[in-house]
There are 2 protein chains.
Amino acid sequence: MSSREDATRTTGRAPASARGAGRRVGIRDVAEATGLSITTVSHALRGKGQIAPATRERVRRAAAELGYRPDPVARGLVSGRTGILGLVVGHMADLPWASTYRPYYAAFSAGATMAAVERDYALVAVPGDPASGLWARVPMDGMIIVDPVREDPLLADCARRGMPVVTDGRPIDPGYEDVPTVESDLEQGMAAILGHLREAGAARVGLLSGPEPDAYTQDCERLYRQWCATAGQAPLVETPAVTEDPVEAALRMLSAPDRPDAVHGLNETYGQALIVAARRLGLTVPGDLMISVMRASDQAAGTTDWEVPLTALSLDARRLGAECVAALIDVLDGKEPGNSVVPCTVVVRGSTRRAEPSTR
Amino acid sequence: MSSREDATRTTGRAPASARGAGRRVGIRDVAEATGLSITTVSHALRGKGQIAPATRERVRRAAAELGYRPDPVARGLVSGRTGILGLVVGHMADLPWASTYRPYYAAFSAGATMAAVERDYALVAVPGDPASGLWARVPMDGMIIVDPVREDPLLADCARRGMPVVTDGRPIDPGYEDVPTVESDLEQGMAAILGHLREAGAARVGLLSGPEPDAYTQDCERLYRQWCATAGQAPLVETPAVTEDPVEAALRMLSAPDRPDAVHGLNETYGQALIVAARRLGLTVPGDLMISVMRASDQAAGTTDWEVPLTALSLDARRLGAECVAALIDVLDGKEPGNSVVPCTVVVRGSTRRAEPSTR
DNA sequence: CAGGGAGACCAAAACGTTTTGGGCACAGCG
DNA sequence: CGCTGTGCCCAAAACGTTTTGGTCTCCCTG
């Protein structure tokens, strides 16, 4: 090493900065520019060791001026990190209504990507199919699993390999109590949306639930039943089978003798299904039937709402993604992040406004 | 076998196997197990140098047995690669109808991810906003840009920094002729879908185009006009403004005196807009108006099609993604990939079946 | 039997950082 | 004046590979 440094000075070998034109500037260049050792430069920039404030500042300035950015690969070599976080999306890509969740995933991963990049991590989408074992080939420091299902194979794999994990939505299998989790505040949210329906004039509120074995579905259903108890009405829950057209489930619910005059759907597809079913049965929205749905917050409004703009309980998918990344990085840094809860908000639109005309 | 135990002796260092318990198995472990040098092991596994076939096999076996996987980070240090490919998604996330393209992006990136992982690369989603400069913080070997627009800032940035790029859809600005490109075979596809409409009984076929300044839109429009010339009809093109509800554009087209009896829409949202517009005008589909659209192939059918199942020119987004990755890796490996063209297929559904269910 | 060449293997450098274990000078204390 | 900190800095090791530039042995040729 020193012989190499000496060679640079004494033998007239071109200094690094003069070699290849587009060469990356390295820590050595900064050291050379300041006349310090690379150790001192590293310490100055990372805030470690004892460095005179003036020196530290001098190094900072030189580094900025030279446009020095430490090579993440080299840094990873010594730290043992890759700087890559995995995000499992589409682990239910084979389910019929998978595209329903795309807006949610899109917003979630947009938020996660931003948060990761800001902290100098990169986010990779991991092939969801656990059977392929493909995911193990991507070198990652940790993983984010969205909506783990019952007996989630990915979750089990990660636990076995000791890979740090954060989940969006609580794992429902036992044994994962220590996995940090980020969730929407469904407790507050469900109360708010159901309360809104009641206040808007609903006498009997139904729930169009889903077949997915995840905490989100479970919790919504539980909270709904809980609300029914306090609101003094009998619960009315319908769930489409996995392969069933949700319109069928909606028809079942709406053609029952004790049909509800308001229904909350657990995703937007169910909202559309309710609209279609209502039209087939000759029910007007929101006149005969009020409809509300869950929705990823930043979904472009209007895209699927030409029929009737849907009142929604809006989940802040972007923020959920960002919080997952933050929690995962905390884990990697040795901190123990608590579970975090993200608020969701009721957005009132035409489908629950009886007073005004709903169609444009 | 044990005839060369002295290899470790000379270094005097504790053998790797005696260090940390759960340690990753490295190339040194394989060298130790086989009694060879790490050089030989590396060469044997990578197929370089001159290695006796028997030795090579012995190394392979030992490596497999020990579960050796070379550390991609260390490998990256020497090769100067990170093993990361960037994918720019949502660079038009701020456009009103961005969500229209989500199914396409989702399928595209699924295909790209698979292709990348299979070749031991990782695909990271890059924050689309070029202004933030955030994308430059992710260390990447190359980038895939989907649908570059006019004066695409990302494309310009990459060119400036000498970052290898492959685009999905040809760049329309001059000066990027050398950028490898992957495209759908729109020439064949547009001819097929327009031909289908004509054969299905359409007398006058219109095109609901888009405001996006990309090659896809340009080419579709050009091919449509070309087809009109050979089909002996006057072109009839309508384009919604960027901020305009496409239903307005559809209404303009359908309420004109010389209204078409078939319209092809450049994306699914436009298809829905046409349906809505037709209903408002009292036109039946496919009776008074046939509708066809462009669509990402593996979009879950039925999701947005409760109204009328739409005949589509189905773009193989998965494959397009995979081909982009293949092309980019070729570039990184020093090969010069040609531009590749992916076929697209006509999928006939209800919106263009006037008489009876035809063959399919 | 010298010389050449090829086949099989290896030690050490290199990649660009961070981390470890000091070294040196100067001040304060006894 | 010696001894101990302490503030500031540095050389070298380490991270796990690939690549470079060999060495050694054997066989063939003349």
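Quick caveat: nothing in here was measured; it's all calculated off a predicted structure. Atoms considered below: every heavy atom in the structure, side chains included; atoms not considered: hydrogens, waters and symmetry mates. Chain letters run A, B, ... following the sequence lines, proteins first, then strands; residues in each count from 1.
Side chain of A:Gln50, nearest nucleotide from D:dG7, C:dG16, D:dT17: D:dG7. Counting only heavy atoms from C-beta on, A:Ala74 has its side chain closest to C:dG16 among C:dC9, C:dT20, C:dG16. Listed nucleotides C:dA11, D:dC10, C:dT17 differ in distance to A:Tyr68; the shortest reach to its side chain belongs to C:dT17. Checking D:dT20, D:dT18, C:dC9 against every side-chain atom of B:Val78, the shortest atom distance belongs to D:dT18. Of the candidate nucleotides D:dT17, D:dG16, D:dC10, D:dG16 has the atom lying nearest to any side-chain atom of A:Leu77. Nearest nucleotide to the side chain of B:His43, out of C:dT17, D:dT19, D:dT18: D:dT19.
The CD1-C1' distance, from A:Ile27 to C:dT18, rounds to 8 Å in whole Å. For A:Ile38 and C:dT20, the CD1 to P distance is 15 Å, given to the nearest whole Å. In this structure, the CG atom of B:Leu36 is 14 Å from the C1' atom of C:dA11, given to the nearest Å. For the pair B:Arg28 CZ and D:dC15 C1', the interatomic distance rounds to 9 Å; values are reported in whole Å. Look at CG on B:Leu45: it is 14 Å from P on C:dC9, rounded to the nearest Å. At whole-Å resolution of the value, CZ in A:Arg81 and C1' in C:dG16 are 18 Å apart. Distance NZ (B:Lys48) to C1' (D:dG21): 16 Å, rounded to an integer number of Å.
Using a cutoff of 4.0 Å between basic side-chain nitrogens and carboxylate oxygens, B:Glu57 and B:Arg61 are scored as salt-bridged. In summary, B:Arg319 and B:Glu323 engage in a salt bridge, as defined by a charged side-chain N under 4.0 Å from a carboxylate O.
Remark: side-chain polar atoms of A:Asp330 are not paired, donor with acceptor, to backbone N or O of A:Glu336 under 3.5 angstrom.
Within 4.0 Å of A:Thr55, counting heavy atoms only, lie sugar-phosphate atoms of the nucleic acid but no base atom.
Between A:Arg46 and C:dT18 there is a side-chain N or O to OP1 or OP2 distance below 4.0 Å. Within the 4.0 Å cut-off from OP1 or OP2 of D:dT17, not a single side-chain nitrogen or oxygen of B:Ser42 is found. Phosphate proximity of C:dC10 to B:Ser37: present, with a side-chain N or O under 4.0 Å from OP1 or OP2. For C:dG16, the OP1/OP2 oxygens have no side-chain nitrogen or oxygen of A:Arg24 closer than 4.0 Å.
The heavy-atom pair separating A:Ala317 from A:Ala107 by the smallest distance is CB-CB, 3.6 Å.
If you find the closest nucleotide of DNA chain C to B:Ile51 and to A:Ser79, the one lying nearer the 5' end belongs to B:Ile51.
Screening A:Asn339, A:Asp168, A:Thr167 against A:Thr181 for a side chain to side chain donor-acceptor pair (under 3.5 Å) leaves a single residue, A:Thr167.
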